[in-house]
There are 4 protein chains.
Amino acid sequence: MDGEAKPLRADAQRNRERVLAAAEMVLARDGTAASMRTIAAEAGVGLGTIYRQFATKEALVEAIVFERARQLIELAEELANAPDPGVTFFEFFSQIVEFSTRKRSLTDALPDPDLAIDKDRSGIEQEMRRVLSALLERAQAAHAVRGDFGIDELLALLLATSLAAEKATWSDEFRERTLGFVFDGIRYRTGD
Amino acid sequence: MDGEAKPLRADAQRNRERVLAAAEMVLARDGTAASMRTIAAEAGVGLGTIYRQFATKEALVEAIVFERARQLIELAEELANAPDPGVTFFEFFSQIVEFSTRKRSLTDALPDPDLAIDKDRSGIEQEMRRVLSALLERAQAAHAVRGDFGIDELLALLLATSLAAEKATWSDEFRERTLGFVFDGIRYRTGD
Amino acid sequence: MDGEAKPLRADAQRNRERVLAAAEMVLARDGTAASMRTIAAEAGVGLGTIYRQFATKEALVEAIVFERARQLIELAEELANAPDPGVTFFEFFSQIVEFSTRKRSLTDALPDPDLAIDKDRSGIEQEMRRVLSALLERAQAAHAVRGDFGIDELLALLLATSLAAEKATWSDEFRERTLGFVFDGIRYRTGD
Amino acid sequence: MDGEAKPLRADAQRNRERVLAAAEMVLARDGTAASMRTIAAEAGVGLGTIYRQFATKEALVEAIVFERARQLIELAEELANAPDPGVTFFEFFSQIVEFSTRKRSLTDALPDPDLAIDKDRSGIEQEMRRVLSALLERAQAAHAVRGDFGIDELLALLLATSLAAEKATWSDEFRERTLGFVFDGIRYRTGD
DNA sequence: TATGAATGAGTATTCATTCAT
DNA sequence: GATGAATGAATACTCATTCAT
């Protein structure tokens with residue numbers, strides 16, 4: 001839909017990936033305050049090499065967020081036709097939160113209704129809304145999730161629990177227990 | 001060993017408050033990356049004036065967090081004997097989240113199990129746990145909240161929803177709707 | 001010859017002395033990098049009180065140097081008619097150096113031929129030259145010090161050994177031993 | 001574990017030298033209170049350029065001191081086998097003092113028994129003691145210097161006269177005359 | 001008159017970004 | 001293309017000095 005115009009030379013592509021991997025690791029460890037120099041060192045490339053691929057630090061961070069969003073979308077798409085829509089929905093929710101525990105700043109990948117929405121960002125966010133809506137609707141059709149629970153509320157609660165998990169590093173056990181209460185509030189019940 | 005020793009000269013007190021107010025505003029807007037100079041300018045005082053009251057930037061931020069935590073605790077204490085424990089509990093939860101919508105970084109006031117806990121911080125966090133536990137237990141005794149919902153889960157969900165509300169600036173209407181689902185998962189139901 | 005015009009109120013005089021004493025102590029300990037606030041705290045007075053007596057930090061430092069110079073001069077004058085001019089001369093030399101070991105920056109009290117010489121400074125320096133010359137000449141007249149050793153060389157060697165003693169904090173024993181060599185070079189010898 | 005690892009790019013090397021030269025000059029003029037900005041301006045480079053070569057101001061100052069110490073050592077080593085040990089010894093002493101007249105703060109290169117001694121510093125100071133001891137012992141063996149004059153006293157008097165020469169900027173003529181008296185005190189005499 | 005609160009220029013240092021090698 | 005040296009704006013913090021209380 002944009003960008004990736006020329007298919008990058010092989011070595012350039014390899015460098016791009018090394019930088020992304022290093023940046024992901026360093027940012028996860030040090031937060032966005034991490035310096036470009038640190039990232040370059042971790043990637044084993046020169047500073048200039050990063051700037052060849054990413055115009056600014058902001059662009060690099062965005063690329064990572066973008067990448068993560070793509071992974072989420074991919075995962076959601078794989079699950080689009082999974083056998084049990086209800087179980088699938090809740091497991092997917094849980095998985096996203098677990099992801100956040102491990103990778104700091106993943107939450108930036110979730111649509112932020114506030115931020116100035118540039119083209120690229122908007123595109124992927126739309127896509128995320130789309131795939132999440134699909135999972136949600138299937139779960140509702142299967143009478144596993146309440147019908148009055150909308151996509152905006154889903155995004156809000158995903159963001160909420162992911163942020164908290166990220167900030168406080170929830171244990172697996174604690175995550176499941178806490179999410180359990182949220183899920184109980186969302187779950188379809190006879191009489192709704 | 002605490003502080004509040006001498007009762008500050010009138011002008012010093014006024015400046016202290018101006019600095020705190022300005023810092024709260026600027027930090028809410030720009031995050032903790034905001035510069036001391038910006039805060040001083042916003043407060044209409046010289047840089048040195050800030051440093052007279054707060055030894056470091058960190059101390060200033062902590063003072064704000066501390067102040068907010070104290071407000072929360074005060075509110076919770078006022079509600080400790082309110083007539084309807086169930087309604088009180090859920091309204092309190094909602095109010096905290098609403099607070100976050102207006103004042104960014106309030107969430108720092110909620111206990112963060114992770115961070116190195118210095119004495120002062122630890123004190124206020126213990127207090128917050130205590131008052132929140134009291135509200136929770138009263139609501140549980142009144143069969144308004146599930147008995148298996150603990151203080152840690154409460155803190156986690158408060159943090160979660162506050163962070164999200166803060167990040168995305170939820171409207172009143174959206175907040176009530178979204179929290180409604182969470183509350184439904186927490187609420188006591190016959191058969192538990 | 002100047003300054004001390006009005007004879008200062010009793011309390012003002014007391015404050016002046018407290019400040020001087022504190023400043024001497026603090027400057028000796030921390031060097032001239034010591035802050036005015038530290039000095040005020042040590043003296044147990046407010047910052048303003050220091051500035052009432054000394055227009056600038058520089059003026060305060062100068063006052064101390066001045067004070068020390070006056071002490072040296074006084075000592076030299078007391079010795080002007082001491083019984084053994086030779087012993088007196090060398091003991092005086094040694095005492096000045098010992099002084100430097102204890103009080104940092106005393107060396108500033110010794111005439112510095114370089115510096116822009118303001119009126120006050122010049123006055124006391126002239127005086128110091130005068131009293132030192134007197135001691136020296138008496139020692140030479142008594143055939144205790146070589147006749148070709150002049151006042152400029154005396155000042156230079158006093159400054160030299162004082163600076164070194166100050167910088168390296170010589171022990172009593174080391175000072176006497178080291179000065180011994182210098183004295184041997186100055187001492188009158190048959191055949192001169 | 002030492003340093004001189006990679007042989008610096010040509011431009012980096014040139015800048016390093018420009019910085020060192022500028023720092024030497026500025027520090028000589030303004031003392032160690034001189035600001036990094038002033039040094040950068042004098043060197044005609046950006047502030048960051050200094051910090052690329054020297055991690056802190058302290059490191060820069062140390063580098064200069066180190067450099068000077070190395071020059072002294074080199075000079076001393078060249079003289080280690082000079083024909084007349086006595087003349088050599090006194091000329092070397094005089095040369096060091098003359099050096100100080102031109103380059104302020106050289107005296108920092110002389111071992112300071114006081115200061116916290118870090119590894120590098122300690123290394124070079126040991127070396128300086130060693131080469132000076134060698135010169136001294138040769139002069140003593142040649143009956144040019146008194147046998148009871150030790151390396152510590154030598155270092156003390158070198159420091160003393162260098163500091164004074166630095167502070168007061170002695171003329172060539174005055175230096176020779178004044179040092180003459182010191183030398184006379186050190187010199188070997190029949191009857192010792 | 002004494003106090004210490006307020007001021008803001010000045011300091012060392014960091015870091016995103018540019019550009020010569 | 002890749003490297004990393006150079007740049008300088010920006011940051012937290014200090015301190016001599018002034019001035020309201």
Side-chain angles (χ1 to χ4, degrees), chain A residues 8-9 11-12 15 33-41 44-60, chain B residues 6 8-16 18-19 33-41 43-60, chain C residues 9 11-12 15 33-41 43-60, chain D residues 6 8-16 18-19 33-41 43-60:
Chain A
L8 285 179
R9 270 172 43 178
D11 55 345
N15 272 335
S35 80
M36 292 295 265
R37 190 171 295 277
T38 305
I39 294 171
V45 302
L47 266 173
T49 304
I50 299 188
Y51 279 95
R52 168 154 296 270
Q53 304 283 350
F54 307 97
T56 64
K57 185 182 181 180
E58 203 187 357
L60 172 58
Chain B
K6 334 181 181 170
L8 281 183
R9 255 166 57 179
D11 53 348
Q13 180 60 34
R14 196 174 56 249
N15 271 331
R16 187 190 163 88
R18 276 166 61 167
V19 168
S35 82
M36 292 296 266
R37 188 171 296 278
T38 304
I39 294 172
V45 303
L47 256 177
T49 304
I50 299 188
Y51 282 97
R52 164 159 290 271
Q53 304 280 351
F54 307 97
T56 63
K57 184 180 178 179
E58 201 185 359
L60 172 58
Chain C
R9 272 173 41 179
D11 55 346
N15 272 334
S35 79
M36 291 296 266
R37 190 170 297 277
T38 304
I39 294 170
V45 302
L47 266 174
T49 304
I50 297 188
Y51 280 96
R52 169 155 294 272
Q53 305 283 350
F54 307 96
T56 63
K57 185 181 180 181
E58 202 187 356
L60 171 58
Chain D
K6 335 181 183 172
L8 282 182
R9 255 167 55 178
D11 52 349
Q13 180 59 32
R14 194 174 56 249
N15 272 331
R16 186 188 165 89
R18 276 166 63 167
V19 167
S35 81
M36 291 297 265
R37 189 171 297 278
T38 305
I39 294 171
V45 302
L47 258 177
T49 303
I50 298 187
Y51 282 96
R52 164 159 290 272
Q53 304 281 350
F54 307 97
T56 63
K57 184 180 178 178
E58 202 186 356
L60 173 57

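Residue numbers start from 1 in every chain, and the chains themselves are labelled A, B, ... in the order their sequence lines are given, proteins ahead of strands. Note that these values count all heavy atoms, side chains included, but never hydrogens, waters or copies made by symmetry.
Rounded to a whole Å, the CD1 atom of B:Ile50 is 11 Å from the P atom of F:dC13. Look at CG on D:Asp11: it is 10 Å from P on F:dT7, rounded to the nearest Å. The separation between A:Met36 atom CE and F:dA6 atom P is 20 Å, rounded to whole Å. In this structure, B:Arg18 atom CZ and E:dT7 atom C1' are separated by 13 Å, rounded to whole Å.
Looking at which nucleotide of DNA chain F each of C:Ala55 and B:Tyr51 is closest to, the 5′-most match is held by B:Tyr51. Mapped onto DNA chain F by nearest heavy atom, B:Arg14 and B:Arg37 fall at different nucleotides, with B:Arg37 at the one closer to the 5' end. Heavy-atom nearest nucleotides on DNA chain E were determined for D:Ser35 and for B:Gly44, and the one closer to the 5' end corresponds to B:Gly44. The residue among D:Ala33 and A:Gly48 whose nearest nucleotide of DNA chain E is located toward the 5' end is D:Ala33.
The phosphate of F:dG1 (OP1 or OP2) has a side-chain N or O of A:Arg52 nearer than 4.0 angstrom. Contact annotation: B:Thr49 side-chain N/O to E:dT7 OP1/OP2 distance is under 4.0 Å.
Side chain of D:Ala12, nearest nucleotide from F:dT17, F:dA6, E:dA16: F:dA6.
With hydrogens and angles disregarded, a donor-acceptor distance shorter than 3.5 Å links the side chain of B:Lys57 to the backbone of B:Ala34. Between the side chain of D:Gln53 and the main chain of D:Leu60, no donor-acceptor pair closer than 3.5 Å is present.
Across the strands present, F:dC19 finds its partner in E:dG4; the criterion is a Watson-Crick or G-U wobble pair with both atom distances under 3.5 angstrom. Remark: F:dT14 base-pairs with E:dA9. Criterion, Watson-Crick or G-U wobble with two distances under 3.5 Å.
One distance of note links CD1 of A:Ile50 with CZ of A:Arg37; it measures 10.0 Å at 0.5 Å rounding.
Within 4.0 Å (heavy atoms only), B:Ala34 reaches sugar-phosphate atoms of the nucleic acid but no base atom.
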